[in-house]
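Only heavy atoms go into these numbers, but all of them, side chains included; no hydrogens, no water, no symmetry mates. Positions are given from 1 along the sequence. In this text, all values refer to a predicted model and were calculated from it rather than measured experimentally. Remember, it's 1-based here, ligands and their atoms both numbered in the order they're listed.
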Amino acid sequence: MTIKLNTILYIEDDEASRSLVERTLQFHGYRVLVADCGLVGIDLARKESPDLILTDINLPDLTGREITTRLRSDSKFEGTPIVALTAQTLSEQRDLAMVAGLTGYITKPLDVEALPKQVEYYLGGGRDLAVDAGRLGDVQARYTREVVERLESRIRDLEALNVALRRLDKMKDTFIQITAHELRTPLTLLYGYSRLLEDNATIKPHMIDDPALRMLVEGMNGSIMRMQNVVNEVVTMSRIMTNKIDLVVGTTDLGAITAKSVKAYENAIRERHLTVQFEKSQFPNKMQADWEMLELAMRNLVSNAIKYTPDKGRIDISAAMEGDQSVRVTVRDHGIGIDNVDQRGIFERFHTTGDMQLHSTSKTSFLGGGIGLGLAICKGIIEAHGGRLWVESDGYNPETLPGSAFIFTLPINAERKEK
Ligand code: ADP
């Protein structure tokens, strides 16, 4: 014969009281669940359907009374004994507790000897006296007022917090913007010096003979270029985020942009034996758009397709007119694909799905990546043109390679406007 253990949920923020009650009840053969605040308690109650709920009244989020009222609104908890464990024993507090739907009261400080008997009493259907009918209306009104007042004060606190968070967020954007701008100038100088070093007449011949020296100089140049890429991404991103993306709209050839974006990665494409297919004639060659920004977006999409497609894979870039005012471009790879959950997050800043260790190794090797700004930038640029960018993928699977398609629509004639 199996004996079903009674399950008791205890909601209490004070750790010492929590563990005292937990141990006492476990010792008497109960299964005990604990929660340190009201919201966690409600979730746990819904999940575990305990036979009895013990709750403190003063908790950091909801009061024990509010927890009870909330649970009582669910028919599942209609008959569940919910008992307050509290030092609040004035008769008006007891009245409020009864009106909220509590079954009874156990007073603190706890009497460990008496607790199991008290629990047994409530489990057996015992309940404390209800408020007498004459005062019921009054007490109900007081309870409603208490709940509304607490709600109002909570909303005020949250609104103040929201204002503070927005201010902090703005400060952070400004900080990033200033830092990135300040880094850009010395980096450009550093890049110039390192190129001079590479071309220096004294050093150049040694580089041919000495592979170690060549590796040092090339490594330095490569790292500086990577730093420039990151800083440029951050600058562009901060312009997009602070609505300062001021499009320079002019006649733009989307086919030329695509060809250039593919060409920019020709080394990686060759080394990784990738096939990139695209038909330039499908792309409009006289759009009104910001050439430089669209090229940045297209490069990011092409470089991602390369990064997440294993060697010997294929990438198809196609375009089709949608009516005569809009073009739809698809960058489809046959790579690892993207998980459903991640598909929602990848357009957010600093969202990466892989291991940053791998990501920081290289810009072009398979799986190598950046800091998770590329797609946020693409989205900002496309939307600033009045277009839309989204992803379609059957999920992530590095074995079966479901691939991903990044699709954007763009008006043929973008207005010159600030986002
Ligand atoms: P990063 O600049 O670091 O590459 P992105 O914003 O471009 O960041 O991409 C964010 C994340 O989206 C990447 O870390 C990667 O996990 C995922 N991702 C982007 N493009 C693809 C793709 N074509 N295939 C699979 N995953 C991709």
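- If you number the atoms of ligand 1 from 1 as listed, the ones under 4.0 Å from a heavy atom of Leu373 come out as 2 (O), 6 (O), 8 (O).
- Polar contact with ligand 1: absent for Ala376 (N/O pair, distance under 3.5 Å).
- Checking side-chain atoms of Thr86 against main-chain N and O of Asp56 turns up no donor-acceptor pair under 3.5 Å.
- Of all atoms in ligand 1, numbered sequentially from 1 with element shown, those under 4.0 Å from a heavy atom of Asp333 are 22 (C), 23 (N), 24 (N).
- Between Lys379 and Glu383, at least one side-chain nitrogen of the basic residue sits less than 4.0 Å from a carboxylate oxygen of the acidic one, meeting the salt-bridge criterion.
- At distances below 3.5 Å, not a single donor-acceptor pair connects side-chain atoms of His385 with backbone N or O atoms of Pro411.
- Residues Glu159 and Arg156 are not paired through a salt bridge, judged by the lack of any N-O separation under 4.0 Å between the basic side chain and the carboxylate.
- Residue Ile338 approaches ligand 1 through these ligand atoms, each under 4.0 Å from one of its heavy atoms: 21 (C), 25 (C), 26 (N), 27 (C).
- In Leu375, the parts holding a heavy atom less than 4.0 Å from any atom of ligand 1 are both the side chain and the backbone.
- Across all their heavy atoms, Ala100 and Thr69 have their closest contact at O-OG1, 3.2 Å.
- Remark: Arg65 fails to qualify as a cation-pi partner of Tyr143 under the 6.0 Å distance and 45° angle criteria applied to the six-membered ring.
- Here the closest heavy-atom approach between residue Thr55 and residue Gly64 is recorded as OG1-CA, 3.8 Å.
- Below 3.5 Å of separation, one finds no N or O of Glu233 facing any N or O of ligand 1.
- In this structure, Gly335 has no heavy atom closer than 4.0 Å to ligand 1.
- Listed by number with element, the atoms of ligand 1 under 4.0 Å from a non-hydrogen atom of Gly337 are 25 (C).
- Residue contacts with ligand 1 for Tyr396 are absent, since no atom lies close enough (heavy atoms, distance under 4.0 Å).
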